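Only one structure is covered here, and it is reproduced in the block below.
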2 protein chains.
Amino acid sequence: MPTETAPRAFGEKGRRDTRQRRALRDHLAATDAFTSAQQVYDDLRASGDRVGLATVYRTLQAMADAGEVDTLRTDDGETLFRKCGPRHHHHLVCRSCGVTIEIDGPSVERWASKAADDHGFSDVTHVVELFGLCPACTKAAG
Amino acid sequence: MPTETAPRAFGEKGRRDTRQRRALRDHLAATDAFTSAQQVYDDLRASGDRVGLATVYRTLQAMADAGEVDTLRTDDGETLFRKCGPRHHHHLVCRSCGVTIEIDGPSVERWASKAADDHGFSDVTHVVELFGLCPACTKAAG
DNA sequence: CCCATAATGAGAACGATTACCAATCGCTGT
DNA sequence: ACAGCGATTGGTAATCGTTCTCATTATGGG
């Protein structure tokens, strides 16, 4: 019986430490904005890293499953990714530049929990995201 | 200059009262669950209404723009639609059967507004949805 | 150093949604 | 009732993000 091989840098899915995964991890660590897989792919190529699109999608998905990145769906169906902290939190996202601030909200958690109870729902999760214009983009927009 | 033709049953996009739109409106009025366009299409055919898929998508989209239906994206990228009340509200959705309850949350609105102010964000909107198992599905799941 | 096998990547496949565009049909004026 | 205009429809092709396939490559334990 396999005695649970030592957990590595990435989550369950990412066993081996490849050049591609290092590049992806480094790239994500370098920005605070939510970014699409396509965008990450372009950025990596632009910086000289040779990584396949499929690998970008696969790795990003694995990291999301492992809770290392947060995901967000845009109105036009794209999935955006971003490195994230370990605690439960929500996001305040600039809809212009993508810059994101992690925020928490105990009151929201309580409200959600109560609403669920009031209606007899069980196993409840919630999606709470705020979108707006960050200070810089607000200024730029006049 | 056209003096703004009388506003009809549907929103800005839906001018004429066609058989297809009536069928769609009736169908939506008959259920409380969030449903996909494909599902609506299948349901309509099953009930004998002959409506093209493109028309279902177009009309649903128009109704969403007009604020007559709410939309929701599933994790696998499908857009779900549901009739909705006129006031601002959120949803408590059963992730098993789709049954939905409209809920409001003044505290959430306040929290969102404050978080935005604290970080200097402007023009802020929010997405708040709760997912769980409704009483019936909770029971069914054992 | 070797090898089993996890990982990669180019391109095909996919699924939801939208675009096209010729044929229809609702509406308004007559 | 009727005609005409133009909104609407719908079959299908096209889009677009994402996933799958599978032959090839490369990681890391032994």
Side-chain angles (χ1 to χ4, degrees), chain A residues 2-25 27 34-45 48-66 68-69 71-81 98, chain B residues 1-25 27 34-45 48-66 69 71-81 98:
Chain A
T3 50
E4 178 98 7
T5 47
R8 294 214 154 275
F10 281 92
E12 307 155 38
K13 293 285 184 58
R15 233 78 57 97
R16 296 183 179 175
D17 190 18
T18 67
R19 170 178 61 75
Q20 292 87 336
R21 289 177 186 179
R22 272 191 298 275
L24 253 163
R25 187 168 29 182
H27 182 269
F34 268 97
T35 327
S36 71
Q38 297 276 357
Q39 185 62 59
V40 169
Y41 173 72
D42 290 342
D43 290 348
L44 288 177
R45 310 214 111 203
D49 290 303
R50 190 143 303 275
V51 181
L53 182 58
T55 298
V56 172
Y57 272 103
R58 255 187 316 238
T59 306
L60 246 22
Q61 187 57 60
M63 293 178 79
D65 290 346
E68 295 172 29
V69 301
T71 62
L72 211 55
R73 317 277 299 204
T74 64
D75 286 333
D76 55 311
E78 259 188 340
T79 299
L80 305 183
F81 303 83
Chain B
M1 48 232 64
T3 50
E4 177 96 9
T5 46
R8 294 211 154 276
F10 282 94
E12 307 155 36
K13 294 285 184 58
R15 232 78 57 94
R16 295 184 178 174
D17 191 19
T18 67
R19 169 179 62 75
Q20 293 86 336
R21 289 177 186 178
R22 272 191 298 275
L24 253 163
R25 185 167 31 182
H27 182 269
F34 268 97
T35 328
S36 70
Q38 297 276 359
Q39 184 62 58
V40 169
Y41 173 72
D42 290 342
D43 290 348
L44 288 177
R45 310 214 112 203
D49 291 302
R50 191 143 301 276
V51 181
L53 183 58
T55 299
V56 172
Y57 272 103
R58 252 187 319 239
T59 306
L60 247 21
Q61 186 57 60
M63 293 178 79
D65 290 346
V69 301
T71 62
L72 210 56
R73 317 277 298 204
T74 63
D75 286 333
D76 55 311
E78 260 188 338
T79 299
L80 305 183
F81 302 83

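Just so it is clear: chains get the letters A, B, ... in the order the sequence lines come, proteins before strands, and each one is counted from 1. On a predicted model such as this, the values are computed, not experimentally measured, just so you know.
Counting to the nearest Å, the C1' atom of D:dG10 and the CG atom of B:D49 are 15 Å from each other. If you measure from atom CG of B:D76 to atom C1' of C:dT17, you get 14 Å, rounded to the nearest angstrom. The separation between A:E78 atom CD and C:dT17 atom P is 15 Å, rounded to whole Å. At whole-Å resolution of the value, CD in A:Q39 and C1' in D:dT18 are 17 Å apart. Following rounding to the nearest Å, B:R45 (CZ) and D:dG11 (P) show an atom-to-atom distance of 7 Å. Computed from coordinates, the A:Q20 CD to C:dA6 C1' distance equals 12 Å when rounded to whole Å. Distance, A:L80 CG to D:dT18 C1': 14 Å, rounded to whole Å. A straight line from CD of B:Q61 to P of C:dA19 spans 10 Å, rounded to a whole angstrom.
Closest approach of B:R50 to B:R19, counting heavy atoms only: O-NH1, 2.9 Å.
Between A:Y57 and D:dT18, a side-chain N or O to OP1/OP2 separation shorter than 4.0 Å is present.
If you check every strand for non-hydrogen atoms under 4.0 Å, B:T79 touches sugar and phosphate atoms only. At the heavy-atom level, A:T18 lies under 4.0 Å from the strands shown only through sugar-phosphate atoms. A:R73 comes within contact range of no nucleotide atom at all, as no heavy-atom separation falls under 4.0 Å. As judged by a 4.0 angstrom heavy-atom cut-off over every strand, B:Q38 is placed among the base-contacting residues.
Residue A:Q61 holds its CD atom at 6.0 Å from CZ of A:F81, rounded to the nearest 0.5 Å. To the nearest 0.5 angstrom, B:L80 atom CG is 7.5 Å from B:T35 atom OG1. Taken from OH in A:Y41 to CG in A:L60, the straight-line distance is 14.0 Å, to the nearest 0.5 Å.
For the side chain to side chain contact (heavy atoms under 4.5 Å, CB included) with A:V51, the qualifying choice from A:L44, A:T59, A:V40 is A:L44, the only one to do so.
Using modelled atom types and a 3.5 Å distance limit, the side chains of A:Q38 and A:D42 yield no donor-acceptor pair.
Nearest-nucleotide mapping onto DNA chain C: of A:L53 and B:L53, the residue sitting toward the 5' end is A:L53. Checking A:V51 against B:F81, the closest nucleotide of DNA chain C that is more toward the 5' end is the one next to A:V51.
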Close N or O pairs between protein and nucleotides 22-26 of chain D (under 3.5 Å):
none

For B:R25 and B:D17: C-alpha separation, side-chain torsions, deciding distance, then whether salt bridge (Lys or Arg N to Asp or Glu O under 4.0 Å) applies.
CA-CA 11 Å; B:R25 185 167 31 182; B:D17 191 19; 3.3 Å; yes
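Heavy atoms from other residues, nucleotides or ligands lying under 6.0 Å from CG of B:D76 number more than 12.
For B:T55, whose side chain is taken as the heavy atoms from C-beta onward, the closest listed nucleotide among C:dA10, D:dT18, D:dG10 is D:dG10. Of the listed nucleotides (D:dT9, D:dT12, D:dT19), D:dT12 has the atom at the smallest distance from the side chain of B:A54. Distance from the side chain of B:D17 is smallest for C:dC27 among the nucleotides D:dT9, C:dC27, C:dA7.
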